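For clarity, every value in this text was computed on a predicted model and none was experimentally measured.
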Amino acid sequence: TDITTDPKFELCNKETASIALSGDANSYTWSSHPTLKATGGSAEIKPTTNGTLKYSVTAAKDYGNNLTCSTPVEIEVKVNPLPNVNISGDNNVCYGEKAELKANATSVTTITQYNWLQGNSAASGTAQDESFTTDKLTSSTNIKVNVKDQNGCENTSTDYAINVKPQINLTGLDNLSVCDNGSLTIVVGGASSIEWKDPNGSTITTGPSRTLSNITKTTTDNGVDYAVYNITAWNNGCSVDAQVKIKINPNPVITFETG
């Protein structure tokens, strides 16, 4: 019986491969194997262990008159292991920050490809092989990476969760107004710690409450005078910079006349 097949080939663990036998045989008898599904001269295999697997099939041709000739065939399959991969890096970042990640991949051969993913789509960020930097994050997300090695075998990491801390929203900074050279007490909410800086950038105090004295203009915006102070606010290990903009109202001008 003439059978045409490639009796030796390679595939990756958990990969599905089809085997097709051709020739003038009338029937095919496959030896039982847990990774084999066969019908006639065709079979499908899906190995789940690494190493070498052997599948046996006997092709037979019936010539009549109780004469049947047969040919045994042994098919050898080398099963290559999948690469292993996991992610390490930032898993807890502040609102608006980027996360720095690294794929830790091992294989029996060289890793040739890294694909960074959010769900089933490409992750938003900058990839440099095993390194990945997300775009600025404003909500928690999951990242995973798919790697492929020189054997063509690929594997995907489990989701790597990145928690984004809440945005710092400061209160008490709107509609601030004072008389020229006057004083004003400002209480800032939304942060656990505040550092105040004067218009020259020098730190003048810390804490959410600050009484400013002798306030005079430092800038003019559209004809309106303002005093501007800078603060840095901290909460939950994160910080944000903000401006305290105080409108300076001119004091009344008094003139005296005698006569």
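A side-chain N or O of N163 and one of N92 form a donor-acceptor pair less than 3.5 Å apart. With hydrogens and angles left out, the side-chain atoms of D225 and T220 include a donor and acceptor closer than 3.5 Å. Under the 3.5 Å distance criterion, with hydrogens and angles disregarded, no donor-acceptor pair is assigned to the side chains of N151 and E10. A donor-acceptor contact under 3.5 angstrom links the side chains of E154 and N146, judged on distance only. Looking only at atom types and distance, the side chain of N86 has no donor-acceptor partner in the side chain of S157 under 3.5 Å away.
Contact check for V224 versus K247: side-chain heavy atoms found under the 4.5 Å cut-off. Between I45 and V77 the shortest side-chain heavy-atom distance falls below 4.5 Å. L176 has its side chain within reach of V244: a pair of non-hydrogen atoms, C-beta onward, lies under 4.5 Å apart. I246 places a side-chain heavy atom less than 4.5 Å from the side chain of L212. Residues D135 and S124 form a side-chain contact, since some pair of their non-hydrogen atoms from C-beta on lies under 4.5 Å apart. Two residues are said to be in side-chain contact when any heavy atoms from C-beta on lie closer than 4.5 Å; C12 and V79 fail this criterion. For the pair I186 and Y229, the minimum side-chain heavy-atom distance is 4.5 Å or more.
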Item to check | Trace of the side-chain contact (heavy atoms from CB on, under 4.5 Å) decision for E97 with C94 | outcome: CA-CA 5 Å; E97 285 188 346; C94 297; 3.5 Å; yes
Item to check | T232 and D241: CA distance, side-chain angles, deciding distance, side chain to side chain donor-acceptor pair (under 3.5 Å) verdict | outcome: CA-CA 5 Å; T232 300; D241 293 325; 2.8 Å; yes
Item to check | I248/T216 under side-chain contact (heavy atoms from CB on, under 4.5 Å): CA gap, chis, key distance, verdict | outcome: CA-CA 7 Å; I248 305 299; T216 57; 5.9 Å; no
Checklist entry - Please walk me through it: do Y63 and T68 pass side-chain contact (heavy atoms from CB on, under 4.5 Å)? => result CA-CA 6 Å; Y63 286 96; T68 300; over 6 Å; no
Checklist entry - Between N104 and N84, does a side-chain contact (heavy atoms from CB on, under 4.5 Å) hold up when you go through it step by step? => result CA-CA 8 Å; N104 307 298; N84 294 309; over 6 Å; no
Next on the checklist: For a side chain to side chain donor-acceptor pair (under 3.5 Å) check, start with the C-alpha distance between N249 and S177, then their side-chain angles and the critical distance, and finish with the verdict.
Outcome noted: CA-CA 7 Å; N249 297 288; S177 181; 2.4 Å; yes
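When atom types are taken as modelled, the side chain of N26 and the backbone of D62 share a donor-acceptor pair closer than 3.5 angstrom. A distance-only check finds no donor-acceptor pair linking the side chain of T185 to the backbone of S209 [under 3.5 Å]. Using modelled atom types, one side-chain atom of N251 and one backbone atom of D180 make a donor-acceptor pair closer than 3.5 Å. Proximity of a side-chain donor or acceptor of T112 to a complementary backbone N or O of K148 within less than 3.5 Å is detected. For the pair T218 (side chain) and V228 (backbone), a donor-acceptor distance under 3.5 Å is present.
Nearest heavy atoms, P47 versus L53: CB-CD1, 3.7 Å. Shortest non-hydrogen contact noted between N80 and C153 is CB-SG, 3.8 Å. For S70 against T58, the heavy-atom pair with the smallest separation is CB-CG2, 3.8 Å. Heavy atoms only, all atoms of each residue included: G40 and Y28 are closest at O-CB, 3.3 Å. When all heavy atoms are compared, the tightest approach of S107 to P83 is CB-CB, 4.0 Å. The two residues T109 and Q150 make their nearest non-hydrogen contact at OG1-OE1, 3.0 Å.
Interatomic distance, OG of S18 versus CD of E44, reported as 5.5 Å (0.5 Å rounding). Atom CD of E195 is separated from atom OG of S239 by 10.0 Å, given to the nearest 0.5 angstrom. Between atom NZ of residue K46 and atom CG of residue L11 there is a gap of 11.0 Å, rounded to the nearest 0.5 Å. The distance from the NZ atom of K245 to the CG atom of L173 is 13.0 Å, given to the nearest 0.5 Å. The CD1 atom of I75 sits 8.5 Å away from atom OG of S56, with the distance rounded to the nearest 0.5 Å. The OG1 atom of T106 sits 9.5 Å away from atom CG of N155, with the distance rounded to the nearest 0.5 Å.
F9 is connected to V73 through a chain of hydrophobic side-chain contacts under 4.5 Å among Ile, Leu, Val, Met, Phe, Trp and Tyr, so both are in one cluster. The cluster map of Ile, Leu, Val, Met, Phe, Trp and Tyr, joined by side-chain heavy atoms under 4.5 Å apart, puts L184 and L170 in the same cluster. Put simply, V240 and W196 are part of the same group of oily side chains (I, L, V, M, F, W, Y) that touch within less than 4.5 Å, one to the next. Linking Ile, Leu, Val, Met, Phe, Trp and Tyr whenever their side-chain heavy atoms come within less than 4.5 Å leaves Y226 and I215 in two separate clusters.
Every side-chain hydrogen bond (donor to acceptor under 3.5 Å, both in side chains) that E100 has, sequence neighbours left out, goes to T133. For the side-chain hydrogen bond (donor to acceptor under 3.5 Å, both in side chains) test, no residue two or more places apart in sequence or in another chain qualifies with K78.
Within 6.0 Å of NZ in K102 there are 12 or fewer heavy atoms belonging to other residues, nucleotides or ligands. Heavy-atom contacts from other residues, nucleotides or ligands closer than 6.0 Å to CG of N175 number 12 or fewer.
Alongside F132, the hydrophobic cluster contains V85, I87, V93, Y95, L101, I111, Y114, W116, L137, I143, V145, V147, Y160, I162, V164 (criterion: ILVMFWY side chains under 4.5 Å).
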